[in-house]
2 protein chains.
Amino acid sequence: MTTLGYAILGLLARESLSGYDLTQRMKGRVGFFWSARHSQIYPELARLEGDGFVTHSVVEQRDRPDKKVYEITASGLQALKGWITQPPPEKPTRDELTLKAYSVWLADGGEAARVFREEGLKHEEQLARYEEIRARMEDEWREGISDPGSPQFASYATLRRGIIHERGYAEWCRWLAEAVGGEVPISGRGGA
Amino acid sequence: MTTLGYAILGLLARESLSGYDLTQRMKGRVGFFWSARHSQIYPELARLEGDGFVTHSVVEQRDRPDKKVYEITASGLQALKGWITQPPPEKPTRDELTLKAYSVWLADGGEAARVFREEGLKHEEQLARYEEIRARMEDEWREGISDPGSPQFASYATLRRGIIHERGYAEWCRWLAEAVGGEVPISGRGGA
DNA sequence: ACCCGCATGTAAGTCGTTACATGATTCT
DNA sequence: AGAATCATGTAACGACTTACATGCGGGT
């Protein structure tokens, strides 16, 4: 069983979805630390069905093309449950920006500062988006969030991971940009 | 040019190394956010040499097998410099533990708490190792660290990234373990 | 007529891991 | 004699990306 398989089961455990719906949720989506394209999802769904972890039923639609809606089976739910509490295999971290930092001593200070400042901004923006979602969650799901047995709690947990990640990354970028370049441009030349 | 190619050039810009030496430095090593096995490194070195980014010379050794020592060329250094200040393509984050958290609402609270507590410990241990290295760096490289034009500074920068990463990850694991399980076992049953 | 969103697939290629393969030298 | 480290490669496989391919229905 692949990790992608469990990612799909994790979504189907919450609600039945078509391959297309799954693809939408896997598009680098908020709070969900995995991603996949439709070209990977459709074959994986076939494999999951072959293993008896999901079943599908065709839903006919008038105004749109028909779709196959996938549902998790008891066997699939069992497999998913078993996977959750198994310690994950540790995979080496690969981060291209940090790799660039490893060679930053060779670069022009100003240019390097610009890159790390820009990347820092991206993470700050993502952080802001996450904080907004968090505010909405804490507002709308007051009970769910405090109940570890609810999917809302789990969503909140992954979101928290995202917030901590972005906060730390942004902090590091800002520090490094400052250290290599120093001077922040007084007013931009109009570019991004 | 692949990212691995730049990772190798980044190491060779600091010192000339053999494929074997490169492999040692790529074994999930401290402060260096990339990794590769020898089976990937040797072919990549051949490719880099074909592109004129590195050259090698055979060094004969009496007490050990001979080795090919690779050196970065002017062209290789130029390519590396150009790469550093290019914004990296954003790649989707894939984190299996966070994915597990997304389905944690289905799991037994105690078992889940154990997993996240254990993972948290691993990150705390890695953090401790990083902090130790940092202390030594700050002690031994006092000048290098404050000079953005020195490789020591760059090493320190990647190490800082590692520290922030581990700190954030450990914090999240502790929070989640607490939230799902609560009670910490008074005394272990002897296991890890 | 053309583009966009919905909907589902296959094929080719890249990157990385695991396994296969060989050989020298040193230590026990 | 056998294990461990140094040293360099190739082959098979799996995961993921990009591109190819098709078709319906609605809006401009």
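Reminder, nothing fancy here: chain letters follow the sequence lines and each chain counts from 1. Keep in mind it's a predicted model, so treat the numbers as computed, not measured.
Nearest to the side-chain atoms of B:Y20 among the listed nucleotides D:dT5, C:dT17, D:dG23 stands D:dT5. The B:R94 side chain lies nearest to D:dC16 when the options are C:dG16, D:dC16, C:dA24. For A:K67, the listed nucleotide lying nearest its side chain is C:dT8; candidates were C:dT10, C:dT8, D:dG9.
Rounding to whole angstrom units, CG of residue A:D63 and C1' of C:dA7 are separated by 13 Å. Nucleotide C:dA7 holds its P atom 6 Å from the CG atom of A:D21, rounded to whole Å. Separating the CD1 atom of B:I41 from the C1' atom of C:dT17 is a distance of 13 Å, rounded to the nearest angstrom. A:H38 places its NE2 atom 13 Å from the P atom of C:dA11, with the value rounded to the nearest Å. For the pair B:D66 CG and C:dT26 P, the computed distance is 12 Å after rounding to whole Å. Spacing between atom CD of B:Q61 and atom C1' of D:dC6 amounts to 8 Å, rounded to whole angstrom units. When rounded to the nearest whole Å, the span between OH of B:Y42 and P of D:dC6 equals 11 Å. Between the C1' atom of C:dA7 and the CG atom of A:L45 lies a distance of 13 Å, rounded to the nearest Å.
In the interface, the side chain of B:T2 is not paired with the base of C:dT14 through any donor and acceptor atom under 3.5 Å apart. One N or O donor and one acceptor, one from the side chain of B:S39 and one from the base of C:dT18, sit under 3.5 Å apart.
B:R160 forms no cation-pi arrangement with B:Y130, by the criterion of a distance under 6.0 Å to the ring centre and an angle within 45° of the ring axis.
In the hydrophobic cluster analysis, where Ile, Leu, Val, Met, Phe, Trp and Tyr join through side-chain heavy atoms closer than 4.5 angstrom, B:M1 is grouped together with A:Y102.
Nearest-nucleotide assignment on DNA chain D puts the 5′-proximal partner with B:R64, out of B:R64 and A:R47. Between A:M1 and B:V69, the residue anchored closer to the 5' end of DNA chain D is B:V69, taking for each the nucleotide with the nearest heavy atom.
More than 12 non-hydrogen atoms from other residues, nucleotides or ligands lie less than 6.0 angstrom from CD of A:E15. For B:Q61, the CD atom is densely surrounded, since the number of other residues' heavy atoms within 6.0 Å is greater than 12.
A:R37 comes within contact range of at least one nucleobase, with a heavy-atom separation under 4.0 Å.
For B:K91, no side-chain nitrogen or oxygen approaches OP1 or OP2 of D:dT17 to under 4.0 Å.
Counting only heavy atoms from C-beta outward, the side chains of A:V104 and B:F153 approach each other to under 4.5 Å.
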